[in-house]
> 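Quick one: structure below, then a few questions.
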There are 2 protein chains.
Amino acid sequence: MPPAQRHPTMADVAERAGVSASTVSRTLRGMSTVSPEVRVRVEQAARELNFAISRQASSLVTGKTGVVAVLAPTLNSWFIGSALSSLGPVLRAAGMELLVYVTPDMTERAAFFERLPARRNADALMVFSFNLTDEETARLDDLQMPVIYVSQRAECRPSVYVDDVAGALSGTRHLLNLGHRRIGFVQTIGASGFTFSSHERLLGYQQALTEAGIPLDDDLVVATPVGHKHRTAEAIGRLLSLREPPTAIFAEQDEVAVSVLWTLRRARIDVPERISVLGFDDHQMAEWSDLTTIAQSPDELGRAAGELARALINDPEADRARHIVLPTRLIPRATTAPPPAAAPDPARTEEKLR
Amino acid sequence: MPPAQRHPTMADVAERAGVSASTVSRTLRGMSTVSPEVRVRVEQAARELNFAISRQASSLVTGKTGVVAVLAPTLNSWFIGSALSSLGPVLRAAGMELLVYVTPDMTERAAFFERLPARRNADALMVFSFNLTDEETARLDDLQMPVIYVSQRAECRPSVYVDDVAGALSGTRHLLNLGHRRIGFVQTIGASGFTFSSHERLLGYQQALTEAGIPLDDDLVVATPVGHKHRTAEAIGRLLSLREPPTAIFAEQDEVAVSVLWTLRRARIDVPERISVLGFDDHQMAEWSDLTTIAQSPDELGRAAGELARALINDPEADRARHIVLPTRLIPRATTAPPPAAAPDPARTEEKLR
DNA sequence: ATGAAAGCGCTAACAG
DNA sequence: CTGTTAGCGCTTTCAT
């Protein structure tokens, strides 16, 4: 009988089942070379002793830790939270655990990259939404384990991300199809780690305009940090005070789009009658606000990243530069509509005057 | 020289520094019994080889894993996300890592409790916002490691939570002080794992009313799931159609309070002129919406939980039933004001008639 | 199909 | 102050 205050070991289980430790190990790992009767005895003994295997010990010999590490700037983010919530079960199904390194500030981040603690303690590293410096990327390349870039495109390295260009393109097309010709774009600044998506979305917007033969107008692109009412109001003010103000505003992120809605509402500008508003993400708040938006699925992203990690860990021959690109889809709701008929459209006015 | 495709071990470092493995071990753990010159040599050798210690190996002998496990129903939650984001750095400062078990559904949860994988793979377990069954709690009691209950009160077990009763009490008092006498309360239903707080907040509300000599009225308490516009509108409708409708509405959660704001706005009921709205949490959205609310700090909670974990792990003599209760504070913003003077207050009307 | 033995990388006694 | 030695709990040859 094992000492009371200690976890039972395989030796304890072996003794109780009347077999050797090797057999216990084989049984518990589901190897086929164990006779059915012995298997039953071992399993029962393990259950009775409430045995749990020590990963530390087994990884010492197998060289696999059974752990996937995640590096994320914060967990307090709709996007990362959702992705990790669906990553968890995927890993569990593969018998792996989830180790999280949060680096809310530069100090923490520097500490991570200096010590690279994941090195010996995980089989793969997943990097979430980061703007890595070249030096940091180089450090990760030396890591001797698969590094998966999530929500960012990393050349020649495995990565999983959403097709932001296509998303913004289809969103802008939706506005164009409704008849809008002056479309404002609100960029987000200072969102730690999301500049990659930010840039791509602007690109999609511009591409759609070009496609429609509408010249780009820098005055239509403004920026605001997320969650700063005043700054957002200011940015919208710049748009509204243009000689030809936009009839639609495309915010790069739902959280900002909702701020825009508040600003317009306060200014008594009806949405969508006077101005249409379009978001990106399909954040919970989008549904609550009845905001038309371009949906991406962080859940799917988490799952895909998990599968990719599993594949790369188990199969060293796997494609080490595989990119998984996830689609977006437009969700039309109540904040987009055709532009007002009486819109002050100088082009049209001129035509009438002629 | 160590093989190229393998991590260097202490033996490799020892050889390079011309000392024994024990000395390397002592040096790297910062023990004082190492001569300065040797320390320098060892540290340099370790750096040159890019050595990282294997936790698996050291925990095998020390019996400590250097890991704190967290059990959480989801990571996609403002509250849990914030708490974990600040827990991470606390643990890192103590040289520990953060292992996360997410159990988004009952299947995952059952799987966790059946295998209790944390058992051998962590030094402490932190349970976030869960409604555990007695059986589940009993399983955790058997775990042979400190289990810290976060955001819930667990009798005779270490736990960390916010003083919800006091918070709701002070919030309700604020409304009473403004002159409100009919105060509606909106409960949240179906929020996985938060029924503890939910109950406590109702209690605080009731306590404040009783204190003020106002009889409780069940009609003033309605419930809605979070994020269901229609259900929320319905609940508010029940309040508005009372014979004596409330002049203030206290929503147990900011996310619901914001929904309430939307509902009232759509109904063209001015806030706070006609009806005051009060939330609880100080969610980001509260600031954006200029919502008066009772703030709690999940960051502090995460930090406190981390400190408690460290204390319990390092000191077996520590108080194993210690409760840390965190304060809340009222943040007055733009959604609360005195009730309308012309409010249909039958009591006052009667007085006038007399 | 099963057991014996060696060893994964590290730490902790114990000598010196 | 430093080296030697003996495991920690498991997996993996290699026998049988």
Side-chain angles (χ1 to χ4, degrees), chain A residues 2-3 5-43 45-46 49-67 95 117 119-123 144, chain B residues 2-3 5-43 45-46 49-67 95 117 119-123 144:
Chain A
Q5 283 306 10
R6 224 200 57 229
H7 283 125
T9 72
M10 278 198 177
D12 298 321
V13 177
E15 189 187 336
R16 185 172 247 263
V19 296
S20 73
S22 321
T23 302
V24 174
S25 172
R26 286 191 272 254
T27 306
L28 266 35
R29 274 174 304 145
M31 300 192 59
S32 55
T33 63
V34 179
S35 73
E37 34 183 345
V38 169
R39 150 152 285 135
V40 170
R41 283 216 317 275
V42 170
E43 278 168 351
L49 289 179
N50 219 322
F51 173 79
I53 200 168
S54 158
R55 265 181 207 275
Q56 346 293 332
S58 54
S59 46
L60 196 54
V61 41
T62 60
K64 298 252 161 263
T65 62
V67 167
R119 198 160 12 155
R120 298 283 298 260
N121 305 301
D123 297 336
Q144 309 255 14
Chain B
Q5 285 304 12
R6 223 200 59 229
H7 284 125
T9 72
M10 278 198 178
D12 298 321
V13 177
E15 189 186 335
R16 184 172 248 261
V19 295
S20 74
S22 320
T23 302
V24 175
S25 172
R26 286 191 272 254
T27 307
L28 266 34
R29 275 176 303 147
M31 299 192 61
S32 54
T33 62
V34 179
S35 75
E37 34 180 347
V38 169
R39 149 153 285 134
V40 170
R41 283 219 313 278
V42 170
E43 277 167 352
L49 290 179
N50 219 324
F51 173 80
I53 200 168
S54 159
R55 265 180 206 275
Q56 346 293 330
S58 58
S59 48
L60 196 55
V61 40
T62 60
K64 299 256 162 255
T65 63
V67 167
R119 196 159 15 156
R120 299 282 300 259
N121 305 301
D123 297 338
Q144 311 255 13

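In what follows, chains carry the letters A, B, and so on, assigned in the order in which the sequence lines appear, proteins first and then strands, with residues in each chain numbered from 1.
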> Starting at CG of A:Asp12 and ending at P of D:dC10, how long is that distance when rounded to a whole Å?
9 Å

> Could you tell me how far apart A:Ile53 (CD1) and C:dC8 (P) are, to the nearest whole angstrom?
19 Å

> With respect to the side chain of A:Ser58, which nucleotide from D:dT13, C:dA13, D:dT11 is positioned closest?
D:dT11

> D:dG9 P sits how many Å from A:Glu15 CD, rounded?
14 Å

> Using whole Å, what does the distance between atom P of nucleotide C:dT11 and atom NZ of B:Lys64 come to?
15 Å

> Hey, is the side chain of A:Arg29 poking within less than 4.0 Å of OP1 or OP2 on D:dC10, counting only N and O atoms?
no

> Rounded to the nearest Å, what distance is computed from the CG atom of residue B:Leu28 to the P atom of nucleotide C:dC10?
9 Å

> Of all the choices, D:dG9, C:dT11, C:dT2, which nucleotide is nearest to the side chain of A:Val34 once you look at every atom?
C:dT2

> Using a 3.5 Å distance criterion without hydrogens, assess whether the side chain of B:Arg120 forms a donor-acceptor pair with backbone atoms of A:Ile53.
no

> Which of these nucleotides, C:dG7, C:dT2, C:dT11, is closest to any side-chain atom of A:Arg26?
C:dT2

> Could you please name the option among C:dG3, D:dT11, C:dC10 that lies closest to any side-chain atom of A:Val19?
C:dG3

> Nearest to the A:Ser35 side chain among D:dT2, C:dA1, D:dC8, which nucleotide is it?
C:dA1

> Mind calculating the distance between CZ (B:Arg55) and C1' (D:dC10) to the nearest angstrom?
20 Å

> So which one's nearest nucleotide on DNA chain D is more toward 5', A:Val61 or B:Gly18?
B:Gly18

> If you look at every strand shown and take non-hydrogen atoms under 4.0 Å, does A:Arg120 touch a base, only sugar-phosphate, or nothing?
sugar-phosphate

> Please report the shortest heavy-atom distance between A:Gln56 and B:Ser59, naming the atom on each side.
OE1-OG, 3.4 Å

> Rounded to whole Å, how long is the line connecting atom NE2 of A:His7 with atom C1' of D:dC8?
14 Å

> Could you pick out which residue, B:Met31 or B:Leu60, lies toward the 5' side of DNA chain C when each is mapped onto its nearest nucleotide?
B:Leu60

> Compare every heavy atom of A:Asp12 with every heavy atom of A:His7, then report the nearest pair and how far apart it is.
O-OD2, 4.3 Å

> Is it the case that B:Ser25 and B:Ser22 place a side-chain donor and acceptor less than 3.5 Å from each other?
no

> Taking the minimum atom-to-atom distance to the side chain of A:Val38, which one of D:dC10, D:dT2, C:dT2 wins?
C:dT2

> Does B:Ser25 place a side-chain N or O at less than 4.0 Å from the phosphate oxygens OP1/OP2 of C:dT11?
yes

> At their closest point, which heavy atom of B:Asp123 faces which heavy atom of B:Gly66, and how far apart are they?
OD2-N, 2.8 Å

> On the nucleotide D:dG3, are OP1 or OP2 found under 4.0 Å from the side-chain N or O atoms that B:Ser20 carries?
yes

> For B:Ser22, which contact category applies under a 4.0 Å heavy-atom criterion: base, sugar-phosphate, or nothing?
base

> Strictly below 4.0 Å, N to O, side chains only: are B:Arg39 and B:Glu43 in salt-bridge contact?
yes

> Is the shortest side-chain N/O distance from B:Thr23 to OP1 or OP2 of D:dG3 below 4.0 Å?
yes

> Measure CE/A:Met10 against C1'/C:dA4 and give the value in whole Å, please.
16 Å

